[in-house]
Structure formats: structure tokens, C-alpha cells
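Sequence positions, counted from 1, serve as the residue numbers for this chain.
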Amino acid sequence: QVQLVESGGDLVQPGGSLRLSCVVSGLTVDYYGIAWFRQAPGKEREGVSCISTITGITSYADSVKGRFIISRDNAKTTAYLQMNSLKPEDTGVYYCATRPISCGADTWNIQGRYDSWGQGTQVTISS
């Protein structure tokens, strides 16, 4: 059984930084994609970023390009999301998810392509 556990969410002032972590366990394949999604109050869940575990190839939503960096550890069991220059519109619950294939350039941000999800971690950007 695949389990994903997110951590690192917090209340931060605009312009600040946060680092989210997602620990993955129970996967039986080595090659997969790990993505971060977020959901703001009253809005649909949206894709933030994705990383393919073997190639390290990444994808980002336009709204976070240049501010967020996704990475994974060498054991490929933990993914990170370094979030810099945070804005109030970055507020939301952040979820990590996995899919048994790499991040596709055109499909990485489609929720239905992921089969395992974490419980989410709250990120609040406010002064």
C-alpha cells in the first residue's frame, strides 16, 4: 500500500519561504512521478509541480515558475518543494501525489493521472 505523508506547512508572511516534504513509502516501482498540487479555499485543486524520479525532469505551473523548486532525494523516497517569494495567493492545502509513470509534459497537472495522494499540509501566506 502506497503512503504519502506531507509536512512543512506553516503560516508565513508574504515574501517569505517554506520547504514542504513528502515522504513516499510502499511503492513497488522505481520509476514514477511525484507531484505537488494545492487547493485554495473555494477553488479547484491545481497542479503546482512534478518531478520524474529517474530523470529528474521537472514541470511547473506558470504561477510558481522562478519561485518554487521541486526536488527529490537520492533514494527517491522523499520529494521536496522549496517555495520562495511567497504570495498570499499561494495559500492553500498542499498535497503530494504519485503516478507510476514519469511526469508528462502535457498531463503532469491532471489529478486523475495520479493514483496515490497524501493528506495535505496547510500553507498560509498572510501578514
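Residues Gln122 and Thr124 have side chains that bring a donor and an acceptor to within less than 3.5 angstrom of each other. Between the side chains of Thr77 and Arg72, no donor-acceptor pair of N or O atoms lies under 3.5 Å.
In this structure, the side chain of Glu6 engages the main chain of Cys96 through a donor-acceptor pair within 3.5 Å. Distance alone, capped at 3.5 Å, is enough to place a donor-acceptor pair between the Ser52 side chain and the Cys103 backbone. Side chain of Thr53 to main chain of Tyr32: a donor-acceptor pair is present (N/O by atom type, distance under 3.5 Å, no hydrogens or angles). Asp73 places a side-chain N or O within donor-acceptor distance of the main-chain N or O of Thr78, the cut-off being under 3.5 Å.
Side chains of Tyr80 and Ile51 form no contact here, defined as non-hydrogen atoms less than 4.5 Å apart. Thr121 places none of its side-chain heavy atoms less than 4.5 Å from the side chain of Val93. A 4.5 Å side-chain heavy-atom check between Tyr60 and Ile70 finds at least one atom pair inside the cut-off. Taking the side chain as every heavy atom from C-beta outward, Tyr95 and Gln39 approach each other to under 4.5 Å.
The two residues Ala79 and Ile34 make their nearest non-hydrogen contact at CB-CG2, 3.6 Å.
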Full working for side-chain contact (heavy atoms from CB on, under 4.5 Å) between Asp90 and Arg38: CA-CA 8 Å; Asp90 294 319; Arg38 67 185 180 188; 2.9 Å; yes
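By the 4.0 Å N-to-carboxylate-O rule, Lys65 lies close enough to Asp62 to be salt-bridged with it.
Considering Asp10, Val12, Leu11, Leu20 as possible partners of Val123, the one that fulfils the side chain to side chain contact (heavy atoms under 4.5 Å, CB included) test is Leu20.
Using a 30° and 60° split on the angle between ring planes, Tyr114 and Phe37 fall in the perpendicular class, above 60°.
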